[in-house]
Amino acid sequence: MKTIHVNTSRPYDVHIGAGLLKKIEELLPESVLKKIDKGAKTVLITDENVNEIYSSDVEESLEKIGFDVLKIVVPAGEEAKSGQWYLKILSCMAENHVSRNDCIFALGGGVVGDLSGFVAATFLRGIDFVQMPTTLLSAVDSSVGGKTAINLPEGKNLAGAFYQPKAVIMDVNTLDTLSAEIFADGCAEIIKYGVIWDSELFELIKENNLTKNRGNIDLMCGVISRCVEIKQKVVSLDELDKGIRNILNFGHTIGHSIEKNSEFEVSHGSSVAIGMTIISKAAEKKGLCPAGTGKLVENLISDYGLPTETDYSRKQIMDGLLSDKKIEGTTINLILPEKIGKCNICNMKINEIEELIFGD
Ligand SMILES: NC(=O)c1ccc[n+]([C@@H]2O[C@H](COP(=O)([O-])OP(=O)(O)OC[C@H]3O[C@@H](n4cnc5c(N)ncnc54)[C@H](O)[C@@H]3O)[C@@H](O)[C@H]2O)c1
Ligand SMILES: [Zn+2]
């Protein structure tokens with residue numbers, strides 16, 4: 001097992017290893033465990049798919065420690081990150097007299113993590129929560145860093161809070177049951193960390209294709225830990241996303257536009273994969289990174305079965321990009337690779353971005 005300390009305003013540990021769903025007691029911080037004496041309960045929030053496979057292990061683990069468990073199961077997929085489900089969960093917790101002394105456990109992918117985190121941040125003005133990510137994307141990205149949110153009819157993640165968990169417990173065995181597509185989605189974020197920060201990670205996942213090595217616990221633990229280390233470094237420097245945290249958005253500006261254009265039919269990972277390829281090739285064409293960088297990114301993404309191209313037109317991509325919530329006035333912080341393992345944040349005007357991506 002690996003443990004990574006995240007040094008944010010509310011510090012916490014991320015534990016990554018096999019079989020951890022059954023070892024929760026050993027991994028919870030003292031501040032949560034000591035509440036059992038005062039009769040604390042836990043609220044286990046999960047989705048219907050994850051519930052079927054993993055919640056009994058977690059319930060048993062929590063009950064063994066002495067916690068009462070109130071389980072709330074939401075639908076699988078993005079629809080659960082809604083105002084309706086958010087309010088339903090708050091009401092259910094209020095009806096069951098959940099108090100400030102209690103703790104939420106979010107068992108699932110990024111949807112359950114983001115939704116439960118926002119519930120935790122706001123119920124009684126904030127109660128403890130623990131992230132238990134079960135997708136590769138949530139393991140390497142959404143469970144660490146404290147961004148929580150729900151979607152509004154007007155757009156994704158428009159209501160949310162920065163709220164750090166008390167711990168993150170990532171059982172790599174849960175990755176066994178992910179579909180190939182959802183597993184690959186997480187791989188796109190891992191490729192992102194390689195390009196923006198860590199050329200060794202880039203080489204490692206090139207030599208050992210994770211889609212063919214899912215069962216290799218040491219490899220998976222090592223790669224996930226490396227990504228969490230990078231995210232923790234970046235987030236601890238810029239918890240509130242006003243500066244360097246922007247680099248985690250590599251490939252995402254175009255990616256979000258593709259997601260939006262497809263009405264979210266193209267997955268996040270696939271959209272970001274296309275975004276990373278387009279932007280790396282554009283940066284290379286402008287001489288901003290060494291010759292061959294675009295091809296290196298494109299080849300790795302293809303090796304992972306992820307797409308590298310889109311049929312959306314220049315106008316569709318630009319229109320989608322203009323509706324990005326990260327837009328500040330008339331400029332966007334675009335993340336450009338300087339070489340594999342290093343990137344730069346470039347504040348660019350919309351027309352400069354259009355010129356960079358599509359030429360004149
Ligand atoms: N907070 C952040 O910093 C951050 C960062 C990136 C993404 N996100 C958010 O994360 C969400 C996407 O997360 P996701 O990709 O994990 O999607 P998800 O939570 O919808 O999970 C994808 C699917 O996999 C299923 N699933 C989960 N774990 C499983 C397992 N172990 N075995 C079998 N099936 C399993 C789920 O039921 C769901 O159907 C988006 O809402 C996005 O906005 C947040
Ligand atoms: Zn992403």
Least distance between heavy atoms, Glu354 atom then Arg314 atom: OE2-NE, 2.8 Å
Can you tell me how far apart CG (Leu204) and CD (Glu200) are? Round to the nearest 0.5 Å. 9.0 Å
Residue from Leu356, Ile353, Ile335 passing side chain to side chain contact (heavy atoms under 4.5 Å, CB included) with Ile279: Leu356
Quick one: are Thr122 and Tyr86 in side-chain contact, heavy atoms under 4.5 Å? yes
Taking it one step at a time, do Glu25 and Lys64 satisfy salt bridge (charged side-chain N to carboxylate O under 4.0 Å, His left out)? CA-CA 8 Å; Glu25 180 171 13; Lys64 208 167 75 194; 5.7 Å; no
Checking Tyr193 side chain against Val140 main chain: does a donor-acceptor pair fall under 3.5 Å? yes
Side-chain heavy-atom pair Ser142, Leu137 within 4.5 angstrom cut-off: yes
Measuring from Lys231:NZ to Ser236:OG, what's the distance to the nearest 0.5 Å? 12.0 Å
Give the other cluster members for Phe105, using side-chain heavy-atom distances under 4.5 Å between Ile, Leu, Val, Met, Phe, Trp and Tyr residues; answer none if it is isolated. Met1, Leu20, Leu21, Ile24, Leu27, Leu28, Val32, Leu33, Ile36, Leu44, Val50, Ile53, Tyr54, Val58, Leu62, Ile65, Phe67, Val69, Leu107, Val130, Met132, Ile169
Looking at Asp171 and Gly19, would you say the former's side chain and the latter's main chain have a donor-acceptor pair under 3.5 Å? yes
Rounded distance (nearest 0.5 Å) linking atom CD1 of Ile72 with atom CD1 of Ile89: 5.5 Å
Please answer: with hydrophobic residues joined when any side-chain heavy atoms are less than 4.5 Å apart, are Phe118 and Trp85 in the same cluster? yes
Are Leu306 and Val223 co-members of a hydrophobic cluster defined by side-chain heavy atoms under 4.5 Å apart? yes
OG-NZ distance between Ser271 and Lys260, expressed to the nearest 0.5 angstrom: 12.5 Å
Which heavy atom of Gly117 sits nearest to which heavy atom of Phe129, and what is that distance? CA-CE1, 3.5 Å
Check against side chain to side chain contact (heavy atoms under 4.5 Å, CB included), Leu201 and Cys227: CA-CA 9 Å; Leu201 175 67; Cys227 295; 4.1 Å; yes
Is there a side-chain contact between Val14 and Gln232, using heavy atoms and a 4.5 Å cut-off? no
Short side-chain to backbone donor-acceptor contact, Glu239 and Ser9, under 3.5 Å: yes
Tell me the closest heavy-atom pair linking Ser302 and Thr308, and the distance in Å. OG-CG2, 3.7 Å
Say whether, by atom type as modelled, one donor and one acceptor occur between the side chain of Asn96 and the main chain of Cys92 under 3.5 angstrom. yes
For residues 129-138, pull every pair meeting side-chain hydrogen bond (donor to acceptor under 3.5 Å, both in side chains), keeping only residues two or more places apart or in separate chains. Thr135-Ser138
Give a yes or no on whether the backbone of Gly243 and the side-chain of Asn246 come within a donor-acceptor separation of less than 3.5 Å. yes
Look at the side chain of Ser91 and the backbone N and O of Lys88, then say whether any donor-acceptor pair between them is shorter than 3.5 Å. no
Residues Thr211 and Asn209: side-chain donor-acceptor under 3.5 angstrom: yes
So which heavy atom on Leu336 is nearest to which on Ala283, and how close? CD2-CB, 4.3 Å
With heavy-atom distances below 4.5 Å as the criterion, would you say the side chains of Asp128 and Lys35 are in contact? yes
Got a second to check how far Asn7's CG is from Tyr12's OH, nearest 0.5 Å? 10.5 Å
Is any side-chain heavy atom of Asn351 less than 4.5 Å from a side-chain heavy atom of Thr330? no
To the nearest 0.5 Å, what is the distance between NE2 (His268) and CG (Asp185)? 7.5 Å
Going by heavy atoms in the side chains, are Asn333 and Asn347 under 4.5 Å from each other? yes
Which atom names give the shortest non-hydrogen contact between Ser143 and Ala139, and what distance separates them? OG-O, 3.8 Å
Does either side chain, that of Glu181 or that of Ser267, offer a donor lying less than 3.5 Å from an acceptor on the other one? no
side-chain hydrogen bond (donor to acceptor under 3.5 Å, both in side chains) contacts in which one or both residues fall within residues 272-290, not counting sequence neighbours: Lys281-Glu298, Lys286-Glu355
Between Asn344 (side chain) and Cys346 (backbone), is there a donor-acceptor pair under 3.5 Å? no
Give a yes or no answer on whether the side chain of Asp238 reaches the backbone of Arg245 with a donor-acceptor pair at less than 3.5 Å. yes
Let's go through Lys2 and Val228 carefully: what are the C-alpha distance in whole Å and the side-chain angles of both, what is the deciding distance for side chain to side chain contact (heavy atoms under 4.5 Å, CB included) to 0.1 Å, and is it a yes or a no? CA-CA 11 Å; Lys2 300 224 176 200; Val228 170; over 6 Å; no
Using the side chain to side chain contact (heavy atoms under 4.5 Å, CB included) rule, take Ser31 and Lys166 through it: C-alpha gap first, then chi angles, then the decisive distance, then the call. CA-CA 9 Å; Ser31 61; Lys166 280 279 171 180; 3.6 Å; yes
Which atom of Val168 lies closest to which atom of Pro133, heavy atoms considered: CG1-CD, 3.7 Å
Establish whether Phe162 and Val119 are linked, either directly or via other cluster members, by ILVMFWY side-chain heavy-atom contacts under 4.5 Å. no
Answer yes or no: are there more than 12 heavy-atom neighbours, outside Lys71 itself, under 6.0 Å from its atom NZ? yes
With side chain to side chain contact (heavy atoms under 4.5 Å, CB included) as the criterion, how do Leu136 and Ile224 come out once you've worked through the C-alpha distance, each side chain's angles and the decisive distance to 0.1 Å? CA-CA 8 Å; Leu136 189 53; Ile224 295 169; 4.0 Å; yes
With a sphere of 6.0 Å drawn around CG of Asp311, does it hold more than 12 non-hydrogen atoms of other residues, nucleotides or ligands? no
Side-chain donor/acceptor of Asp319 to backbone N/O of Gln316, under 3.5 Å: no
Got Asp198 and Glu229 here, is their nearest side-chain heavy-atom distance under 4.5 Å? no
Say whether Ser257 and Tyr312, considering side chains only, have a donor N or O and an acceptor N or O under 3.5 Å apart. no
Do Ile4 and Lys233 come close enough that some side-chain heavy atom pair is under 4.5 Å? no
Side-chain donor/acceptor of Tyr163 to backbone N/O of Ile127, under 3.5 Å: yes
I'd like to know if Val111 and Val73 are part of one continuous hydrophobic network [Ile/Leu/Val/Met/Phe/Trp/Tyr, side-chain heavy atoms within less than 4.5 Å]. no
Return yes when atom CD of Glu52 has more than 12 non-hydrogen atoms of other residues, nucleotides or ligands closer than 6.0 Å, and no otherwise. no
Same cluster or not: Leu240 versus Val235, using hydrophobic residues (I, L, V, M, F, W, Y) connected whenever any side-chain heavy atoms lie under 4.5 Å apart? no
